[in-house]
S.K.: 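Structure incoming, see below.
Hydrogens, waters and symmetry mates play no part in the numbers below; they use all other heavy atoms, side chains included. Because the structure is a prediction, the values reported are computed rather than measured.
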Amino acid sequence: MKTTQEESYNLLKILAIFMVLASHMMNVVELVPPEDMHALQLHNAVRAFLLTSNGLFFMLSGRFLLSQFDGKILDFYWKRLVKIGIPVAAASLFYYSISRKWEGMGLACVKDFLKTFLQSHIEGYFWFVYALAGFYLAVPFLARMFRNMSREEKRALTGISVAFFFLQNLYQIFQMEMVFTAYPFYSWVFYCMLGYLVDSMELTAKTKKWLMLGGVVAWGISVWEVCFWTKTNPAIYNYSVSMIAMTTAVYLAVTGWGKKLAERFHVPVHFIAQRSFYIYLMHGLTQKIVGEVLAWKLGVVWKGWGCWLLLSLISFILALGIGCILDWIYQPIARRLLTNAVFVSGGKQ
């Protein structure tokens, strides 16, 4: 049985995937009546919070991979290919086939699939996996680096990185040519490192509270930027300091305050979290089902926050159901692939 602390991360994983579904469902439900500025401002405020889900997924991935890496590089790469790469390729082929209305897969079609797959043009939200792939390549080396770093060095790395993000953001806001471009962690890789750094720096309870309060302030700043500021911040939803602060605050709040909830609902939390990646892969399909097919069949125009929440929940439940089936089908295959690999510990020699 996993510890309460580990289950609180599972709770965060479930929250993050639901936030992804909910943010995408905003494209289906009519939440902003024409010329209603207050509705638009509310929409932007909620969306700014929901988009912390991107950073949360990177933080969760990095937090465990960097702390649990056992030094076996080929083993690590093969596991990521089996657990992540193959399911993504299969899901991409599925979505590609749907878009072509299940037409025959001739040579030209295969070439077109490979081209669109390698460019992540099949399902837009698969960008996350492609971004994560680069981090996977770096994990064996980053893990060794971090294990030899002191707490003070980790704090310095975090502070310097955030300062660099702030500098780059200023260049973007004022439309200046960015010349400081060689910093290696100016990307989603920093978020992958951030989860590990936040936990390994042994922050005090007081520091965590200040960081969470800073996240709330950062959310207010982000809302002000979107709703009232005359300038445009291109990095507001990804590489801005405000987004880093918001994401860190949610991470700390759920992993800290969610322990009791995760312990009480240990079984369902663990069950859903284990299939969260399949929920991510298949929610594009379930969104189409609940947002387009049902609307077309019933002749309903979905409006309002109540409908948005309801459809998000339905999409989540449907994706979980599909995920359970896919997990049941693929787990034996994955187990065999991992067991029989010649370079995997315990495999054939």
S.K.: Classify the side-chain pair Glu7/Asn10 by whether it contains a donor and acceptor separated by less than 3.5 Å.
M.R.: yes
S.K.: Do Tyr183 and Ser161 meet the criterion of a side-chain donor-acceptor pair at a distance under 3.5 Å?
M.R.: yes
S.K.: Regarding Asn233 and Tyr239, is there a side-chain donor-to-acceptor distance under 3.5 Å anywhere?
M.R.: no
S.K.: So, do Phe113 and Tyr96 have ring centers that fall under 6.0 Å from each other?
M.R.: yes
S.K.: Establish, from distance only, whether the side-chain atoms of Tyr191 and Asn54 form a donor-acceptor pair under 3.5 Å.
M.R.: no
S.K.: What are the two closest non-hydrogen atoms of Leu66 and Arg147, and how far apart are they?
M.R.: O-NH2, 3.8 Å
S.K.: Do the two ring centres, one from Phe128 and one from Phe58, sit under 6.0 Å apart?
M.R.: yes
S.K.: Does Phe190 have its ring centroid less than 6.0 Å away from the ring centroid of Phe164?
M.R.: no
S.K.: Parallel under 30°, tilted from 30 to 60°, perpendicular over 60°: which one fits the rings of Phe180 and Tyr171?
M.R.: perpendicular
S.K.: Does the plane of the ring in His24 sit parallel, tilted or perpendicular to the ring in His283? Use 30° and 60° as the thresholds.
M.R.: parallel
S.K.: Determine whether the aromatic ring centres of Trp188 and Trp127 lie less than 6.0 Å apart.
M.R.: yes
S.K.: If you draw the axis of the six-membered ring of Phe49, does the NZ or CZ of Arg47 fall within 45° of it and under 6.0 Å from the ring centre?
M.R.: no
